[in-house]
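Here's the structure, in C-alpha cells; my notes come after.
We're numbering straight along the sequence, starting at 1.
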Amino acid sequence: MSHPGTISATERAGIEALFQAFDPMRYDRDTGPVRFVTLAQLAKAYGR
C-alpha cells in the first residue's frame with residue numbers, strides 16, 4: 001500500500017472493498033467480532 005497521500009484509485013477501491021467485507025461483522029455495531037483499533041490502543045492494552 002502507498003502512503004495515504006499518494007494512494008491510487010485502484011488501491012482505494014481495494015481498501016473500500018475490504019472494509020465493506022468486514023462491515024457485517026463489526027464489534028462496534030454489535031454484529032460480530034471484528035474490532036478496529038489503533039496501534040496506540042493495542043500498545044496500551046498489552047502494556048507496551
Side-chain angles (χ1 to χ4, degrees):
M1 180 187 293
S2 299
H3 185 277
T6 61
I7 196 165
S8 71
T10 302
E11 290 171 322
R12 180 175 299 280
I15 293 166
E16 289 177 3
L18 179 65
F19 281 118
Q20 287 173 1
F22 282 124
D23 199 51
M25 301 175 275
R26 286 180 54 170
Y27 177 85
D28 62 327
R29 294 186 180 157
D30 198 25
T31 59
V34 177
R35 185 173 185 173
F36 296 101
V37 297
T38 65
L39 290 176
Q41 289 170 316
L42 284 176
K44 184 177 179 181
Y46 290 98
R48 298 193 188 259

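For the side-chain contact (heavy atoms from CB on, under 4.5 Å) criterion with Val34, the lone passing option out of Phe22, Phe19, Tyr27 is Phe22.
Heavy-atom minimum distance, Arg12 versus Ile7: NH2-CG2, 3.5 Å. Considering every non-hydrogen atom in both Asp28 and Arg26, the closest pair reads OD2-NH2, 2.6 Å.
If you take CG on Leu18 and CG on Asp23, they are separated by 11.5 Å, rounding to the nearest 0.5 Å.
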